[in-house]
A.B. asks: 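Have a look at the structure that comes next, please.
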Number of protein chains: 2
Amino acid sequence: MKFSKATNYALHTMLFLVAAAPDKHIGVQQLAERQSVSPTYLSKILTKLVKAGMIESASGANGGYRLKRSWEDISFLDIIHAIEGTASLFDCDFNHGPDCLIQLVMVEAEDEMETYLKNKKMSDLARTVKLSKISL
Amino acid sequence: MKFSKATNYALHTMLFLVAAAPDKHIGVQQLAERQSVSPTYLSKILTKLVKAGMIESASGANGGYRLKRSWEDISFLDIIHAIEGTASLFDCDFNHGPDCLIQLVMVEAEDEMETYLKNKKMSDLARTVKLSKISL
DNA sequence: GCTATTATAGATATATAGTATCCCTAATGG
DNA sequence: CCATTAGGGATACTATATATCTATAATAGC
Ligand code: SF4
Ligand code: SF4
């Protein structure tokens with residue numbers, strides 16, 4: 001079990017956009033170079049973020065991606081869910097009802113992690129990221 | 001990102017062994033049938049649990065698997081780690097030092113989940129599982 | 001309008017990990 | 001000795017993630 005690289009790319013891109021000028025569009029070319037990943041691949045990932053309403057895109061010259069106005073409320077969990085989906089980490093094909101101890105524990109465990117990630121929002125990082133000149 | 005089926009099988013087997021007679025060996029055949037999985041495949045999974053010191057095996061007639069004496073202290077996290085390994089869920093190829101906000105958050109998030117799973121021990125389930133006649 | 005630029009989408013290829021089976025060997029109880 | 005059972009190697013199959021290529025659509029600037 002691992003977080004996908006796509007999630008990694010998405011997180012880095014979001015963090016970079018937070019640190020960058022919020023009103024200017026930034027091309028996928030530049031974003032991809034920074035992370036040593038193919039532009040077309042990153043594009044597919046960012047399109048998911050667009051559809052999830054976190055960023056907006058503009059075609060044509062001087063186009064690219066930028067944060068939406070409501071970016072401060074976006075959480076790590078939002079980004080992860082946009083890329084990896086929202087399905088439960090633990091799946092059994094059956095549903096043996098409320099007596100199932102395993103699902104009870106596993107779902108609650110996942111919930112612990114998600115609660116933490118839900119409370120880590122872009123706004124929390126905004127100040128820090130400007131100061132520290134993020135590396136990637 | 002998903003927990004593997006192997007982890008699912010391991011958890012179910014452990015739970016079953018906890019509910020079963022603790023001194024008697026139980027063959028992989030029986031354990032596999034219960035979960036509709038190939039005996040040889042389940043065998044490989046259970047061997048990992050043996051090597052992790054959670055259960056012990058016996059070859060030959062009337063052989064099989066049974067819990068070790070210290071079973072009560074075994075946690076969900078122990079089982080998961082035995083099957084899936086202990087590597088971090090989030091991996092980037094670089095290490096950009098303590099300024100890295102992303103790793104900070106992701107590692108802490110994983111830690112939240114692991115702490116919960118570490119505190120869910122077999123002993124906590126022992127009483128409940130006997131009462132409720134587990135379904136699988 | 002024309003052209004350069006840039007995002008989007010489909011098709012396709014490659015890599016990796018998970019899942020599973022087969023078969024042989026080793027150990028052990030009867 | 002024989003039946004039974006775990007362990008391990010080799011192999012096959014599957015699913016998913018990763019990545020690239022190409023074509024299309026939209027848009028800014030001239
Ligand atoms: S016992 Fe729980 S985890 Fe296991 S198959 Fe049934 S519902 Fe799923
Ligand atoms: S910024 Fe952090 S998460 Fe990103 S590559 Fe560097 S160390 Fe890894």
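Here is the naming used below: chain letters follow the sequence lines, and residue numbers restart at 1 for every chain. Keep in mind that the numbers below use all heavy atoms, side chains included, and drop hydrogens, waters and symmetry copies.
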A.B. asks: Give me each pair satisfying salt bridge (charged side-chain N to carboxylate O under 4.0 Å, His left out) with a member in residues 67-82 of chain B, each pair once, sequence neighbours excluded.
C.D. replies: none

A.B. asks: Listing request: all side-chain hydrogen bond (donor to acceptor under 3.5 Å, both in side chains) pairs with a residue in residues 104-117 of chain B, at least two apart in sequence or in separate chains.
C.D. replies: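 Listed once each, the pairs are B:H81-B:E114, B:S88-B:E110.
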
A.B. asks: Expressed in angstrom and rounded to an integer, what is the separation of B:L31 atom CG from D:dA6 atom C1'?
C.D. replies: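 Distance, rounded to whole Å: 12 Å.
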
A.B. asks: What is the first contacted nucleotide of DNA chain C and what is the last, in 5' to 3' order, if contact means an atom lying under 4.0 angstrom from a heavy atom of chain B?
C.D. replies: C:dT19 to C:dG30

A.B. asks: If you look only at distance, which donor and acceptor atoms sit under 3.5 Å apart when one is on a side chain in residues 24-32 of chain B and the other is two or more places apart or in another chain?
C.D. replies:
from: B:H25; atom 1: ND1; to: B:G64; atom 2: O; distance (Å): 3.2

A.B. asks: Please name all residues satisfying salt bridge (Lys or Arg N to Asp or Glu O under 4.0 Å) with B:K2, sequence neighbours left out, ordered by chain then number.
C.D. replies: A:D91

A.B. asks: Tell me, which pairs form a salt bridge (charged side-chain N to carboxylate O under 4.0 Å, His left out) where one or both residues lie in residues 4-21 of chain B, sequence neighbours left out?
C.D. replies: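 For residues 4-21 of chain B: none.
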
A.B. asks: Considering every strand and a 4.0 Å limit on heavy-atom distances, what is the contact class for B:S4: base, sugar-phosphate, or nothing?
C.D. replies: sugar-phosphate

A.B. asks: So for atom NZ, which belongs to A:K121, do other residues, nucleotides or ligands contribute more than 12 heavy atoms lying within a distance under 6.0 Å?
C.D. replies: yes

A.B. asks: Can you list the residues that meet the side-chain contact (heavy atoms from CB on, under 4.5 Å) rule with A:A52, with sequence neighbours excluded?
C.D. replies: A:M54, A:A82

A.B. asks: Enumerate the residue pairs fulfilling side-chain hydrogen bond (donor to acceptor under 3.5 Å, both in side chains) with a member in residues 40-63 of chain B, sequence neighbours excluded, ordered by first and then second residue.
C.D. replies: B:S38-B:T40, B:E56-B:R66

A.B. asks: So what does A:Y9 touch, heavy atoms closer than 4.0 Å: a base, only the sugar-phosphate, or nothing?
C.D. replies: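 Touches sugar-phosphate only.
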
A.B. asks: Just grab all the salt bridge (charged side-chain N to carboxylate O under 4.0 Å, His left out) pairs involving residues 8-19 of chain B, residues at least two apart or on different chains.
C.D. replies: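 For residues 8-19 of chain B: none.
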
A.B. asks: Considering all heavy atoms of both residues, which atom of B:S4 and which atom of B:I83 are nearest to each other, and what is their separation?
C.D. replies: OG-CG2, 4.4 Å

A.B. asks: What integer distance in Å separates A:N8:CG from D:dA17:C1'?
C.D. replies: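 Rounded to the whole Å, the gap is 14 Å.
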
A.B. asks: Please check: side-chain N/O of B:T7 versus main-chain N/O of B:F3, any donor-acceptor pairing under 3.5 Å?
C.D. replies: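 No; judged by distance alone, with no hydrogens or angles, the pair does not exist.
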
A.B. asks: Can you give one letter per nucleotide of nucleotides 21-30 of chain D, going 5' to 3': B for a protein heavy atom under 4.0 Å from the base, S for sugar-phosphate only, - for none?
C.D. replies: BB---BBSS-

A.B. asks: Are any of the side-chain heavy atoms of B:L67 and B:M14 separated by less than 4.5 Å?
C.D. replies: yes

A.B. asks: Please figure out whether A:M1 or A:G64 has its closest DNA chain C nucleotide nearer the 5' end.
C.D. replies: A:G64

A.B. asks: Does anything in residues 45-56 of chain A reach DNA chain C, meaning a heavy atom under 4.0 Å, and if so which residues?
C.D. replies: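 Residues of residues 45-56 of chain A under 4.0 Å from DNA chain C: A:T47, A:K51.
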
A.B. asks: Can you pull out how bent the helix from C:dG1-D:dC30 to C:dG30-D:dC1 is, comparing the axes over its first five and last five pairs, to 10°?
C.D. replies: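 For the helix from C:dG1-D:dC30 to C:dG30-D:dC1, the axes at either end differ by 20°.
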
A.B. asks: Between C1' on D:dT5 and NZ on B:K24, what's the gap in Å once rounded to a whole number?
C.D. replies: 15 Å

A.B. asks: Can you find a heavy atom in the side chain of A:Q35 that is under 4.5 Å from one in the side chain of A:F16?
C.D. replies: no

